[in-house]
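Let me begin by presenting the structure, written as structure tokens, before commenting on it.
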Amino acid sequence: MAFDKGCHLHLIDGSAYIFRAYHALPPLTRKSDGLPIGAVAGFCNMLHRYVLDSNGGDAPTHAAVIFDHSGHTFRNDLYDLYKANREAMPEDLRPQIPLTRRATEAFNIACHEIEGYEADDIIATLACEARNRGGRVTILSSDKDLMQLVGGGVELLDPMKNRRIDAAAVEERFGVPPERVVDAQALAGDSVDNIPGAPGIGIKTAALLINEYGDLDTLLDRAGEIPQPRRRQTLIEHRVQIELSRELVRLDCDTPLDFSLDDLAVRDYDPDVLLPFLAEMEFRSLSRRIAEHLGVEAPAIPEPEATATAAPETPGFDDVKHERIGDAATLAQWIERIRARGYVAVDTETTSLDEMKAELVGVALCVEPGHAAYLPLRHRPGAGSDLFADDSLAVGQMPVDEALALLKPVLEDPAILKIGQNIKYDAKILARCGIDIAPIDDTMLLSYALHAGLHGHGMDTLCERYLGHTPLPIKPLLGAGKSAITFDRVTVDDALPYAAEDADVTLRLWQAFKPQLHRERVTTVYETLERPLIPVLAQMEMNGIKVDRATLSRMSSAFAQKMAGLEAEIHGLAGETFNIGSPKQLGEILFDKMNLPGGKRGKTGAYSTNVDVLEDLATEHDLARRVLDWRAISKLKSTYTDALQTHINPETGRVHTCYSIAGANTGRLASTDPNLQNIPVRSEEGRRIREAFVAEEGNLLVSLDYSQIELRILAHIAGIDELKAAFAEGLDIHALTASEMFHVPLDQMTPEIRRQAKAINFGVIYGISGFGLARNLRIPRAEAQGFIDRYFERFPGIRDYMERTKAFAREHEYVQTLFGRRIRTPEINAKGPRSGLAYRAAINAPIQGTAADVIRRAMIRMPAAIKGLPARMLLQVHDELLFEVAEGAVDEVISRARDVMENAADPVVHLDVKLTVDAGSGPNWAQAH
DNA sequence: GACATCACG
DNA sequence: GACGTACGTGATGTCC
């Protein structure tokens, strides 16, 4: 219905409704699975009451609920601190947000949000247009920011107090008419939205000044005439800030809309949509009331006890329906199912584990356990078919473009949750198909938040442990070794049960894990440290880093020559040729043939020939020294200069590592294929490998790393005042430790004493033992124990921390980081030789894990912080972030990135110790570090 | 595929 | 009283 003169538009501030609903109700959960649902319940009640109330004499002809799109808006581009002091969304509210969109649609009310804009801007744009077309507008909100829109047929209605706010009411509130509200707010600022305004000027003074001078521009131009010196000075000094504040406060009436005013015509409830939704949410009384209102029968909502007895409702894995999607009609049917559900498990099948090379072969979907589908897209004809038609496609597949065009709106729909197992993989594949999948949940990360330390988080492990089922293996489909084929060569018939089952399993795991999150109190961990990291890492991995093949190749040749020389020497010294790379052969040469001392056999009966052993021999025997040299070079060549070259992507000329989010128990990331977190740096020769990691023309690599982050966190957690003070004063922490322990004044510190103290500091983080320290420092064990005793005497808080942590771990079988990440310690109460390991791991995990949480938080905030700058985040190495930045922007990037990193713990955790970040830049990684 | 070794934080 | 011992990772080569 077209919006014309005489029409009446209602605009509901959806986000305000949600927060009101959330705070008005206790934290209700859905009975059957524990999903937090209180805000959705309140929201639905408010919507229904709104519909009943608005059906009076002044009924709207058009109505819409407008939501804030999550994340960044144009105001953040204007001012990066905009709304920066807002508290994070409560953990149990976040999962309810998509449900409120679904609720609005279920109530058959238009529902809109637009990326990059706030709800207020959309409201402003619609209100302006409605007014221009001669209609009336009622905005259901009490937000003072919307008061600037009042007038000319636009009014606010405070839904709580049921009070209309017209121009007179606005003037009463602000002291200025609606059209001057922006000016007054720009002056007064706003602490809630973090709008600076003019310091020292509140709303009263602002109104006074605006009324006297007419408007803000005139006031600022004539600020010099203000008699009061403080006001005059403030306005002159802060003009830029005031003008920025005005831009932040002023609503954008030109928001680009992807719908029209005419689309908002009021519609009746559709009982076939609304009642099933209410039933799904298990809103019993509201369902009944609305069913009565509509004169239909209320849907039956089974009590959880009833469903528990009827548990076999969830089919087993042998009783499943797996459909093949071969045409657009079938796909459309599935998309309808997905839209009705609001979530879908997704699994992509491809030709490679390397997402940068993989081609999409098919997509599996599942919306309820036991009912999954596979959409084959690029399967090739099987073996035995015409060899010349090798690149052709198997029959019965939809055109890829057509299928993706249908799927894209669903996969990008903010109201539909996409669930995957390790969905970063699928997100990257889809990104290369032009699909930006969101919002997402990841069963691997749900398991990681719930069970880190208990077991791995691969699909097979999870399926076996939590669903009691072994998923179909991929091996029989692909084969192994040389004869292995890629997934596109698997027939669709063979692929179907495998692919469909993976999506099915993923959905079942999600249903098992998601409600647990809340019960185990790790929702915040998952929502703030795991899930938001997925797109950030996906982008970094796709960015890759440029690696210069020629440099590596030159180094490989040089290493090969050196190795050949050493090899000849070693064989000469040994008196025979043997494989130096074989510890077995080397051990026999050293300890059997040459009868050198120190031959210790390991559990397999072979002599140990590791660095420690060889290092002891090297002082007396050239052979050992040469072998050490050979090993060092062999390592550099095989693991780095040779292997890295094979990882350069031929299309991008860059190396694209893959980060495992759930690989390390402590919350650290792990880097694979290749591992770019262990590129040499400690030896001069090794560090030169970093010269091959370069920036593109006109760019520099920029490295920022936390200084001593783990020791700082230890100082905070254990509450060691001396260490805190030392960090606060920027002292050399190892020298200070040495001074405290050995009573050497700082100005008489020797490198040797400092080195020992440094080893002790690190030892403490690792759960120190006399034996370990002795080995590290190559000193007698008794002496090492003496150091430790003295350390604990000097810093008793550290020992207290260790004891506290051990006791906590023993009691709970987990430890946790400052941000609530839990690391399970199932071995802690086991007896036997492994218990020592469990203790030390328990002591280390909160420290290492908290540091990992901090840099995760920094990484998650980084894209917004450097948005608009010619800069890309490339790598993370535990306490370091590496960027590639256009030369002119280096200083700005360092400044912004440092700010994010140093304040990454805020506002959730206030560290007693400041985090500091060192920065460097250069044409390659060696020079940037 | 197990093991030893060694690169990083 | 003996045992095994610094925390967390991933990649490589040898050998079975």
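What you see is a predicted model, and the numbers here were worked out from it, not measured in a lab. No hydrogens, no waters, no symmetry mates; every other heavy atom, side chains included, goes into these values.
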Rounded distance (Å) that lies between atom P of C:dA6 and atom CZ of A:F762
16 Å
So, does the side chain of A:K584 form a donor-acceptor pair with the base of C:dC15 at under 3.5 Å?
no
Atom CG of A:L636 and atom C1' of C:dT12 are separated, to the nearest Å, by 13 Å
Are A:K637 and A:F559 in a cation-pi contact, defined as NZ or CZ under 6.0 Å from the six-membered ring centre and within 45° of the axis?
no
Listed nucleotide nearest any side-chain atom of A:N776, set C:dA6, B:dA7, C:dC15:
C:dA6
With respect to the side chain of A:T639, which nucleotide from C:dC15, B:dG9, C:dT12 is positioned closest?
C:dT12
A:N678 side chain, from C-beta outward: closest of C:dG10, C:dC7, C:dC15
C:dG10
For A:V611, which contact category applies under a 4.0 Å heavy-atom criterion: base, sugar-phosphate, or nothing?
sugar-phosphate
Ignoring backbone atoms, test whether A:N579 places a side-chain nitrogen or oxygen under 4.0 Å from the OP1 or OP2 oxygen of C:dT14.
yes
Taking a pair to mean Watson-Crick or G-U wobble geometry with both distances below 3.5 Å, B:dA4 pairs with C:dT12
Looking at CZ of A:R790 and CD of A:E740, how far apart are the two atoms once the value is rounded to the nearest 0.5 Å?
12.5 Å
For A:G581, report the nucleic acid contact type (base, sugar-phosphate, nothing); a contact means any heavy atom under 4.0 Å.
sugar-phosphate
Using a 4.0 Å heavy-atom cut-off, does A:R781 contact any base of the nucleic acid, only the sugar-phosphate backbone, or nothing at all?
base
Under-4.0 Å side-chain N/O to phosphate OP1/OP2 contact, A:R668 with B:dG9:
no
Ring centroid separation A:F787 to A:Y791 under 6.0 Å:
no
Answer with base, sugar-phosphate or nothing: what part of the nucleic acid does A:S769 contact at a heavy-atom distance below 4.0 Å?
base
Please determine whether a side-chain nitrogen or oxygen atom of A:R840 lies at a distance below 4.0 Å from atom OP1 or OP2 of C:dT5.
no
Give one of base, sugar-phosphate or nothing for A:R682, where a contact means two heavy atoms less than 4.0 Å apart.
base
Checking contacts here: which listed nucleotide (B:dT5, C:dA6, C:dT9) is nearest the side-chain heavy atoms of A:A670?
C:dT9
For a quick check of understanding: with a heavy-atom distance under 4.0 Å over all strands, which category does A:Q585 fall into, base, sugar-phosphate or nothing?
sugar-phosphate
Nucleotide nearest A:A643 (side chain, heavy atoms from C-beta), chosen from C:dT12, B:dC8, C:dG10:
C:dT12
Using a heavy-atom cut-off of under 4.0 Å over every strand shown, decide if A:I768 touches base, sugar-phosphate, or nothing.
base
side-chain N/O A:N665 vs C:dT9 OP1/OP2, d < 4.0 Å:
yes
Picking from B:dT5, C:dA6, B:dG9, the nucleotide nearest the side-chain atoms of A:R631 would be B:dT5
Within the structure shown, what part of the strands sits under 4.0 Å from A:L773 by heavy-atom distance: base, sugar-phosphate, or nothing?
base
Look at A:S634 and C:dT12 and indicate whether a side-chain polar atom (N or O) is within less than 4.0 Å of OP1 or OP2.
no
Expressed in angstrom and rounded to an integer, what is the separation of A:Q645 atom CD from C:dA11 atom P?
18 Å
Looking only at B:dG9, B:dT5, C:dG8, the nucleotide nearest the A:V877 side chain is B:dG9
Compare the minimum distances between each of C:dA6, C:dG8, B:dA7 and the side chain of A:Q848, then state the nucleotide with the smallest one.
C:dG8
Looking at every strand, decide which applies to A:A759 at a 4.0 Å heavy-atom threshold: base, sugar-phosphate, or nothing.
base
Who are the ring-ring contact (aromatic ring centres under 6.0 Å, His included) partners of A:H812, not counting sequence neighbours?
A:F808, A:Y814
Mind checking if A:A852 touches a base, just sugar-phosphate, or nothing, with heavy atoms under 4.0 Å?
nothing
Please confirm whether the shortest side-chain N or O distance from A:S671 to OP1 or OP2 of C:dT9 is below 4.0 Å.
no
